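In what follows, chains are A, B, ... by sequence order, proteins preceding strands, each numbered from 1. Owing to the predicted nature of the structure, the values given are computational and were not obtained by experimental measurement.
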2 protein chains.
Amino acid sequence: MLDGKKRAVTLGHPCPIRDVLDRIGDQWSLLVLATLEPGVKRFSQIEREIGDISKQMLSKTLRRLEQDGFVLREVHAEVPPRVEYRLTPLGHSFLDPMRALIRWADENHAAITAARQEAGAA
Amino acid sequence: MLDGKKRAVTLGHPCPIRDVLDRIGDQWSLLVLATLEPGVKRFSQIEREIGDISKQMLSKTLRRLEQDGFVLREVHAEVPPRVEYRLTPLGHSFLDPMRALIRWADENHAAITAARQEAGAA
DNA sequence: CAGGATCCCATCAGATACTG
DNA sequence: CAGTATCTGATGGGATCCTG
């Protein structure tokens, strides 16, 4: 499921949405995209800025983002190696709707927390 | 991680965002919310409309959405039992930013697919 | 009808160690 | 520096059976 078999619904359609949602649900993709928003950065720079991501996950995440056309990867043939990442236009445009969502989260987080408290109390 | 320990970043802040993102990353929450958008529905009605969700996951998802204040659950004391679900105002308002994201997904899905093809070909 | 309980597997993600 | 490889543990989620 989820791969190619998920002929599902997602609001009535065949489902381009899941493809996108998987990229924000996976804990790191969004964070990486946000980190890259200001401009070009190298691997370890991203790693440091995020702080608690493992090399492995950063690597995986970057590769998937690259394959999906959100991120551009540029390898410089030097020693020591230097690899730079930047957002593609697609990557940038994706952050627009995401910002709206993040704003909503900020504004309504209190309500969610309150609801949880109530649920816990009741 | 993810529970309470994730002091992380998510765009620079402490992180109310993860709470929200977890609800769209989990495969079913969004689908259930979307199904409930038109109005009140009962358990098996949602089940049928989504089609490929198990009772268990539907139950879990609904309970979490209820606890988070997205969904209202109403039990009618009848035999056989009737339980109805509806979106709260919070639930409805959440769908606004989500619609923007879904629109983006629709518009850009082709680009993503194309990028994958290219990545696969290269 | 609307679930809860249990079993089981696939995937996610961290930790550690190794390499060009 | 920028990764890859391997092992491991935590979830997510499906299937099946049981109940008020």
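- Under the 3.5 Å distance criterion, with hydrogens and angles disregarded, no donor-acceptor pair is assigned to the side chains of A/Glu37 and A/His92.
- Minimum atom distance to the side chain of B/Ser44 is reached by C/dC1, of the listed C/dA13, D/dG3, C/dC1.
- Residues satisfying the side-chain hydrogen bond (donor to acceptor under 3.5 Å, both in side chains) criterion with B/Glu74, sequence neighbours excluded, are B/Arg86.
- Residue pairs meeting the salt bridge (Lys or Arg N to Asp or Glu O under 4.0 Å) criterion with at least one member in residues 38-48 of chain A, sequence neighbours excluded, are A/Lys41-A/Glu49.
- In this structure A/Thr88 satisfies the side-chain hydrogen bond (donor to acceptor under 3.5 Å, both in side chains) test with no other residue, sequence neighbours excluded.
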Would you tabulate the pairs of protein nitrogen or oxygen atoms and nucleotide nitrogen or oxygen atoms of nucleotides 4-8 of chain D closer than 3.5 angstrom?
from	atom 1	to	atom 2	distance (Å)
D/dT4	OP2	A/Ser59	OG	2.6
D/dT4	OP2	A/Arg63	NH2	2.9
D/dT6	O4	A/Gln56	NE2	2.6

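- Nearest nucleotide to the side chain of A/Asp26, out of C/dA13, C/dG14, C/dC1: C/dA13.
- When each of B/Leu62 and A/Met57 is assigned the nucleotide of DNA chain C with its nearest heavy atom, B/Leu62 is the one assigned upstream, toward the 5' end.
- For the pair A/Asp52 CG and C/dG14 P, the computed distance is 7 Å after rounding to whole Å.
- The side-chain hydrogen bond (donor to acceptor under 3.5 Å, both in side chains) test applied to B/Ser54 returns no partner, not counting sequence neighbours.
- Residues of residues 79-87 of chain A that place a heavy atom closer than 4.0 Å to DNA chain C, in numerical order, are A/Pro81.
- Counting all heavy atoms, side chain and backbone alike, B/Arg23 lies closest to B/Ser29 at O-CB, 2.7 Å.
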